[in-house]
J.: 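The structure that follows is given in the form of structure tokens.
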Amino acid sequence: VLVDPPFEATDEFDRMLKGLREAYKRWPTGIYILWYPVKDTAPVADFHRVLSGEGIPKIIAAEFSLSPQGFTEKLNGCGMIIVNPPWMLREHLEAIGPWLAGAISESARCTIKEIAGEL
């Protein structure tokens, strides 16, 4: 399931969390991908923190950033939350992410992190 909200409203992170909670109750083995923009890192960190406490055992985040860390003047990058990632996806993303970031820009970076573990 791919969730790609427009992020035109200020409550998009909350709406994604609510939707994921409901969907996960009905289909806990489903693979969910939640896309989000990265401008200010504080709301993203809050989103990750809340996700980590949801009781969902397998969640990773993959983010691409184009500008230096802390730059909040405009869209800096994007991220994806992946719930129940396929086997070896994290390892593949960690292998190709830095190369892809380098191909995009000298200042671009890719980060892959575990939000909730059993990975």
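Values below: every heavy atom of this structure, side chains too, minus hydrogens, waters and symmetry copies. What you see is a predicted model; the values in this text were computed from it and never measured.
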J.: Any chance you could measure L17, atom CG, to L34, atom CG, to the nearest 0.5 Å?
T.: 8.0 Å
J.: Check this for me: does any side-chain nitrogen of one of R90 and E114 sit under 4.0 Å from a carboxylate oxygen of the other?
T.: yes
J.: Can you see which heavy atom on L20 is nearest to which on L51, and at what distance?
T.: CD2-CD2, 3.7 Å
J.: In Å, rounded to the nearest 0.5 Å, how long is the span from CG of N76 to CZ of R109?
T.: 6.0 Å
J.: Which atom pair, heavy atoms only, marks the closest approach of P98 to E94?
T.: CD-O, 3.2 Å
J.: Indicate the atoms forming the closest heavy-atom contact of A62 with I112, along with that distance.
T.: CB-CD1, 3.5 Å
J.: Looking only at heavy atoms, what is the nearest atom pair of A101 and A108, with distance?
T.: O-CB, 3.3 Å
J.: Got N84 and Y24 here, is their nearest side-chain heavy-atom distance under 4.5 Å?
T.: yes
J.: Quick one: pull up CD1 in I96 and CD in E91 and give me the separation to the nearest 0.5 Å.
T.: 14.0 Å
J.: I'd like to check P5 versus R15 (side-chain heavy atoms, cut-off strictly below 4.5 Å). Are they in contact?
T.: no
J.: F13 versus V50: any side-chain heavy-atom pair under 4.5 Å?
T.: no
J.: Less than 4.5 Å apart, any side-chain heavy atom of Y32 and any of I59?
T.: no
J.: Hydrophobic clustering (ILVMFWY, side-chain heavy atoms < 4.5 Å, transitive) - are M80 and W87 grouped together?
T.: no
J.: Taking V38 as the starting point, is it possible to reach L2 by hopping between hydrophobic residues whose side chains are less than 4.5 Å apart?
T.: yes
J.: Between the main-chain N or O of I115 and the side-chain N or O of S52, is there a donor-acceptor pair closer than 3.5 Å?
T.: no
J.: Relative to the ring of H48, is the ring of Y36 parallel (under 30°), tilted (30 to 60°) or perpendicular (over 60°)?
T.: perpendicular
J.: Quick one: list whatever passes side-chain hydrogen bond (donor to acceptor under 3.5 Å, both in side chains) with E8, sequence neighbours left out.
T.: none
J.: I need the minimum non-hydrogen distance between A61 and I81, along with the two atoms involved.
T.: CB-CD1, 3.8 Å
J.: Identify the two heavy atoms, one from D40 and one from P43, that lie closest to each other, and give their separation to 0.1 Å.
T.: O-CD, 3.2 Å
J.: Hey, can you tell me if W35 and F7 have their rings parallel, tilted or perpendicular (30° and 60° cut-offs)?
T.: perpendicular
